Amino acid sequence: QVQLVESGGGLVQPGGSLRLSCTVSGGRVSLYVIRWYRQAPGKQRELVATISPGGGTNYSDSVKGRFTVSRENAKNTVYLQMNSLKPEDTAIYYCNRQASNSWGQGTQVTVSA
């Protein structure tokens with residue numbers, strides 16, 4: 001049984017930063033592709049960032065250059081560092097592990113003055 005717990009969200013002003021965490025139980029994060037998604041009110045869930053077992057990363061065009069995904073194997077945790085936040089980044093952020101249908105509860109990010 002895979003369980004994912006997202007944390008680190010909050011309210012931040014435009015231009016600010018947040019670091020989200022995704023802690024996974026049920027398989028080592030170093031062996032799977034881990035993806036970060038977000039869902040804004042009234043919109044479909046959007047893929048934001050991906051980290052592969054080899055450490056390669058990919059980003060959506062909307063966050064490229066501002067967000068960085070990383071992994072800490074000892075804590076079985078994947079992070080999403082978000083800089084230069086914009087109001088349009090407001091959403092619930094979720095992580096997902098490859099080969100799993102499990103989803104966490106998500107963490108709310110609100111970017112507002």
Side-chain angles (χ1 to χ4, degrees):
Q1 182 84 15
V2 177
Q3 292 185 323
L4 306 104
V5 178
E6 302 93 343
S7 62
L11 173 64
V12 63
Q13 293 186 342
S17 298
L18 284 173
R19 189 178 78 158
L20 307 184
S21 299
C22 168
T23 300
V24 181
S25 59
R28 287 185 285 170
V29 295
S30 59
L31 299 180
Y32 294 92
V33 175
I34 306 293
R35 297 180 175 93
W36 280 100
Y37 292 82
R38 67 185 181 187
Q39 189 165 19
K43 295 189 176 181
Q44 289 188 331
R45 192 167 291 187
E46 172 192 14
L47 177 62
V48 172
T50 302
I51 185 165
S52 68
T57 58
N58 282 289
Y59 303 93
S60 68
D61 288 343
S62 60
V63 307
K64 198 172 295 182
R66 301 188 296 121
F67 289 12
T68 303
V69 59
S70 62
R71 186 174 63 211
E72 186 171 358
N73 294 338
K75 294 186 176 181
N76 220 40
T77 296
V78 173
Y79 302 102
L80 186 67
Q81 177 68 42
M82 307 187 298
N83 299 329
S84 303
L85 282 162
K86 304 175 182 181
E88 51 263 44
D89 295 318
T90 295
I92 300 174
Y93 284 71
Y94 302 88
C95 59
N96 178 257
R97 198 208 78 179
Q98 178 188 18
S100 169
N101 292 322
S102 296
W103 293 89
Q105 81 290 348
T107 186
Q108 175 71 49
V109 171
T110 303
V111 185
S112 175

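Because the structure is predicted, anything quoted here is derived from the model rather than measured.
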> Shortest non-hydrogen contact from Leu80 to Ala49?
Replying inline: CD1-CB, 4.0 Å
>> Please determine whether side-chain contact (heavy atoms from CB on, under 4.5 Å) holds for the pair Asn96 and Trp103, giving the CA-CA distance in whole Å, both sets of side-chain angles, and the decisive distance to 0.1 Å.
In response: CA-CA 6 Å; Asn96 178 257; Trp103 293 89; 3.7 Å; yes
>> Taking the ring centre of each residue, are Trp36 and Phe67 less than 6.0 Å apart?
In response: no
>> How long is the straight-line distance from CG of Leu4 back to CZ of Arg97, given to the nearest 0.5 Å?
In response: 8.0 Å
>> On a heavy-atom basis, which atom in Ile92 and which in Gly106 lie closest, and how many Å separate them?
In response: CG2-CA, 3.8 Å
>> Applying a strict under-4.5 Å side-chain criterion to I, L, V, M, F, W and Y, I'd like to know whether Val63 and Val78 cluster together.
In response: yes
> Where the side chain of Ser102 meets the backbone of Val2, is there a donor-acceptor pair that is under 3.5 Å apart?
Replying inline: yes
> What are the two closest heavy atoms between Gly27 and Tyr32, and how far apart are they?
Replying inline: CA-CE1, 4.2 Å
>> Working to the nearest 0.5 angstrom, can you tell me the gap between Leu11 CG and Gln108 CD?
In response: 9.5 Å
> For Lys75, what residues pass the salt bridge (Lys or Arg N to Asp or Glu O under 4.0 Å) criterion, not counting sequence neighbours?
Replying inline: none
> Which residue pairs pass the salt bridge (charged side-chain N to carboxylate O under 4.0 Å, His left out) test with at least one member in residues 34-58, sequence neighbours excluded?
Replying inline: Arg38-Glu46, Arg38-Asp89
> How about Thr110 and Ser112: does a side-chain donor come under 3.5 Å of a side-chain acceptor?
Replying inline: no
>> Please determine whether residues Val12 and Val48 belong to a single hydrophobic cluster, defined as Ile, Leu, Val, Met, Phe, Trp and Tyr linked transitively by side-chain heavy-atom distances below 4.5 Å.
In response: yes
>> Counting C-beta onward and ignoring hydrogens, is there a side-chain heavy-atom pair between Thr77 and Val29 closer than 4.5 Å?
In response: no
>> Any heavy-atom pair between the side chains of Ile34 and Arg71 that's under 4.5 Å?
In response: no
> Step by step, would you call Tyr94 with Gln39 a side chain to side chain donor-acceptor pair (under 3.5 Å)?
Replying inline: CA-CA 8 Å; Tyr94 302 88; Gln39 189 165 19; 4.6 Å; no
>> With side-chain contact (heavy atoms from CB on, under 4.5 Å) as the criterion, how do Gln81 and Ser70 come out once you've worked through the C-alpha distance, each side chain's angles and the decisive distance to 0.1 Å?
In response: CA-CA 8 Å; Gln81 177 68 42; Ser70 62; over 6 Å; no
> Roughly how far apart are Gln3 CD and Ser100 OG, rounded to 0.5 Å?
Replying inline: 10.0 Å
> What are the two closest non-hydrogen atoms of Ala40 and Ala91, and how far apart are they?
Replying inline: N-CB, 3.8 Å
> Taking atom CD1 of Ile51 and atom CD of Gln98, what is their separation to the nearest 0.5 Å?
Replying inline: 13.0 Å
>> Is it true that, when you exclude Gln44 itself, more than 12 heavy atoms of the residues, nucleotides or ligands shown sit nearer than 6.0 Å to its CD?
In response: no
>> For Val69, is there any backbone N or O sitting under 3.5 Å from a side-chain donor or acceptor partner on Tyr59?
In response: yes
>> side-chain contact (heavy atoms from CB on, under 4.5 Å), that's the test. Do Val33 and Thr50 meet it? Break it down for me.
In response: CA-CA 7 Å; Val33 175; Thr50 302; 3.3 Å; yes
> Which pair of heavy atoms, one from Ser17 and one from Asn83, lies closest together, and at what distance?
Replying inline: OG-OD1, 2.9 Å
>> Any non-hydrogen side-chain atom of Val111 less than 4.5 Å from a side-chain atom of Pro14?
In response: yes
> Are Tyr79 and Leu18 linked, directly or through other ILVMFWY residues, by side chains that come within less than 4.5 angstrom of each other?
Replying inline: no
> Does a donor on one side chain and an acceptor on the other come within less than 3.5 Å for Glu6 and Tyr93?
Replying inline: no
